[in-house]
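Below is one structure, written out as structure tokens, with a few remarks after it.
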Amino acid sequence: MVFDTQVQELKYKALKEAARLAWQDQLLKGLLGASARLVPGPQPTMRCCIYKERAVMEERLRMAMGGDEDNENIIEVIKVACDECPVAGVRVTESCRGCIAHRCMNACPKGAISIVNHRAVVDQEKCVECGRCVSACPYSAIVKSARPCEKACKTGAIRMDENKKAAIDNSKCISCGACVYQCPFGAISDKSFILDCVDLVKQSQNNQAYQVFAIVAPSISSQFHHASVEQVVSGLKALGFYNVVETALGADMTAWREAQELAEKKFLTSSCCPAFVEYIHKFFPDMASHISHNLSPMAEIAKYIKRIHPGSKVVFIGPCTAKKAERRLPQVSELVDCVLTFEELQALFDSREIDLTALPGEALDNASYFGRVFARSGGLAVAVEQALKERGVEPEEFQLNAISCSGVEECRAALLRASRDMLPNNFIEGMACENGCIGGAGCITHGPKSKADVDQYGRQAMEKTIRDAIGILDF
């Protein structure tokens, strides 16, 4: 399997090893020396020495086992891996003219700037990166470079602690995982619950004690390029899952209900993206009353499965780190038993040496086109518009005027205008990740082809309307 970055490869190795040991009931014993097996050496290939590389791998193994139980956040910083990015901070460029006004020095509240040989010099030990000197310099000779994780985080949840290591403010974090994918050192990671998934499958006793369902997000169509979606379905059953269901069917359910709610209330923000919902609660609490009261597609289809198959277990598999946080919500925790990312699914396949390309395919044919395109930005709005039509809502009764927001910054702009009664739209489709779910941090690959893959996957179900997809269901 080819990942986008070597950081993903290292994370995958830890996940695969933890899962492999768990399948064999050798976890506690096998972890002894695991970092040495995964980082054999003797020469370092990425860091200063082989011992640090192994120390980082030990922390990756810890994250693969669920991370710090005392930290409520799904996203954690691996401190030993945070190498204090040298490009970050405030620095003086060659544009400094050595002027005598010294506005930069006078603006600094910490006395971090001095004049040496007629040029400004920043004392990094004193600098708190407030940026006042940047604004004060008439030549724009002082620049502030954000660390990749800080730049990726659009909610301002990441700062540097006293040791210049990344620290996450849980009160601002929405678990979107942007920092996870963007950190060049892999020093920020999402907690994995891959061992919980292994336990669920093993304890089912080949689905005799209870049935284990995998519900897969529609963005799966853009991920396993070396195998078809149908072969991935076969792979999941080879892992021990009783059945595989499209989360896109839950999206059809959500669109159907959300259309009715929207027609009644005349204004809504979507409830499908948990990071977007959390963003509203934390940064626009006055807008929280406008969040759709419908469950997300993940929770909707899980609720249906558990009603039809009492005692069953449901594992959601998708691109989203925030789904792990959603799973902890009171209204969701009893519906979804475990959440995995596509990265973790690949590790799970390889921990059992399952070659997807060697498997015959099994059809996955639950949802409509409209449920499947939820995976990309704009797809939810398309589905709600279709649901309004199928419900027979006349234009004079209600006419959809949606705005589809791709990424937190677009979400912020729309919510800000809505909070001031300046937004002309009556439905905000919010996706915290760029381009929607296909841009999720838990994806194996990130690229422009993802949207085309999802649309092509959706067209395979064009013969179905939303009503057709949910018509066999009593939900």
Side-chain angles (χ1 to χ4, degrees), residues 11 14-15 18 56 58-82 147 149-150 152-163 165-183 186-200 271-285 288 291 295-296 298-299 302 313-341 343-344 408 411 430 432-433 440-442:
K11 181 180 179 182
L15 290 165
V56 173
E58 286 179 1
E59 288 299 296
R60 296 197 191 286
L61 287 165
R62 181 181 64 83
M63 292 298 293
M65 296 173 64
D68 183 2
E69 294 182 355
D70 295 328
N71 183 356
E72 63 181 16
N73 201 340
I74 289 297
I75 311 299
E76 287 188 19
V77 176
I78 301 175
K79 294 291 187 181
V80 69
C82 188
R147 293 167 173 84
C149 57
E150 287 183 291
C153 181
K154 304 304 181 183
T155 66
I158 296 184
R159 58 177 177 79
M160 296 301 122
D161 64 17
E162 63 276 7
N163 297 314
K165 304 289 186 179
I168 299 174
D169 183 345
N170 290 351
S171 68
K172 296 180 179 180
C173 180
I174 58 174
S175 303
C176 67
C179 56
V180 174
Y181 179 66
Q182 292 297 334
C183 177
I188 306 178
S189 181
D190 54 311
K191 295 176 179 176
S192 176
F193 302 99
I194 195 170
L195 299 187
D196 293 345
C197 180
V198 171
D199 285 343
L200 285 172
S271 60
C272 299
C273 172
F276 173 62
V277 171
E278 187 70 1
Y279 181 71
I280 294 175
H281 282 299
K282 289 185 173 181
F283 294 91
F284 290 89
I291 301 172
L295 293 171
S296 70
M298 174 185 79
K313 306 295 182 182
V314 176
V315 178
F316 172 81
I317 302 167
C320 182
T321 56
K323 284 293 183 186
K324 297 179 180 182
E326 181 190 353
R327 191 253 154 199
R328 292 176 169 178
L329 297 175
Q331 66 270 32
V332 180
S333 60
E334 293 185 359
L335 305 177
V336 180
D337 298 280
C338 184
V339 170
L340 296 181
T341 63
E343 285 180 325
E344 292 162 339
V408 173
C411 291
C433 293

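Using a 4.5 Å cut-off on side-chain heavy atoms (C-beta onward), Val336 and Lys323 make no contact. Residues Met160 and Cys149 form a side-chain contact, since some pair of their non-hydrogen atoms from C-beta on lies under 4.5 Å apart. At least one side-chain heavy atom of Leu329 sits less than 4.5 Å from a side-chain heavy atom of Glu326.
Considering CD1 of Ile74 and CZ of Arg328, their distance stands at 4.0 Å, rounded to 0.5 Å. Atom CD of residue Glu343 and atom OG1 of residue Thr321 lie 9.5 Å apart, to the nearest 0.5 angstrom. Residue Lys324 holds its NZ atom at 7.5 Å from CD1 of Ile75, rounded to the nearest 0.5 Å. Rounded to the nearest 0.5 angstrom, Met63 CE and Glu58 CD are separated by 15.0 Å. A distance of 6.5 Å separates CG of Leu335 from CG of Leu295, quoted to the nearest 0.5 Å. Between the SG atom in Cys183 and the CZ atom in Arg147 there is a gap of 11.5 Å [rounded to 0.5 Å].
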Practice item. May I have the step-by-step check of side chain to side chain contact (heavy atoms under 4.5 Å, CB included) for Val314 and Met298, ending in yes or no? Key: CA-CA 10 Å; Val314 176; Met298 174 185 79; over 6 Å; no
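Contact record, Val277 with Ser271: CG2-CA, 3.8 Å, taken as the closest heavy-atom pair. For the residue pair Ile78 and Gly186, the shortest heavy atom distance occurs at CD1-O, 3.9 Å. Minimum heavy-atom separation, Ala64 to Ala18: CB-CB, 4.0 Å. Annotation for Phe276 and Cys411: closest pair CD1-SG, 3.6 Å, computed over non-hydrogen atoms. Between Pro274 and Cys320, the shortest heavy-atom distance links the atoms CG-SG, 4.2 Å.
Formation of a donor-acceptor pair under 3.5 Å by the Glu344 side chain with backbone atoms of Thr341 is found in this model. Put simply, the side chain of Lys165 gets close to the backbone of Cys82: a donor and an acceptor are under 3.5 Å apart. With hydrogens and angles ignored, the 3.5 Å screen pairs a side-chain donor or acceptor of Glu76 with a backbone N or O of Asp68.
Partner of Cys197 under the side-chain contact (heavy atoms from CB on, under 4.5 Å) criterion, out of Val315, Ile317, Val339: Val315 alone.
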Per-pair distances, 0.1 Å, donor-acceptor, side chain in residues 166-176, under 3.5 Å, sequence neighbours excluded:
{"residue": "Asp169", "atom": "OD1", "partner": "Ser171", "partner atom": "N", "Å": "3.0"}
{"residue": "Asp169", "atom": "OD1", "partner": "Ser171", "partner atom": "OG", "Å": "2.5"}
{"residue": "Asp169", "atom": "OD2", "partner": "Ser171", "partner atom": "OG", "Å": "3.4"}
{"residue": "Asn170", "atom": "OD1", "partner": "Asn73", "partner atom": "ND2", "Å": "2.9"}
{"residue": "Asn170", "atom": "ND2", "partner": "Asn71", "partner atom": "OD1", "Å": "3.3"}

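A salt bridge links Lys11 with Asp190: at least one charged nitrogen is closer than 4.0 Å to a carboxylate oxygen.
Summarising the local packing, CD of Gln331 is surrounded by more than 12 heavy atoms from other residues, nucleotides or ligands at distances under 6.0 Å.
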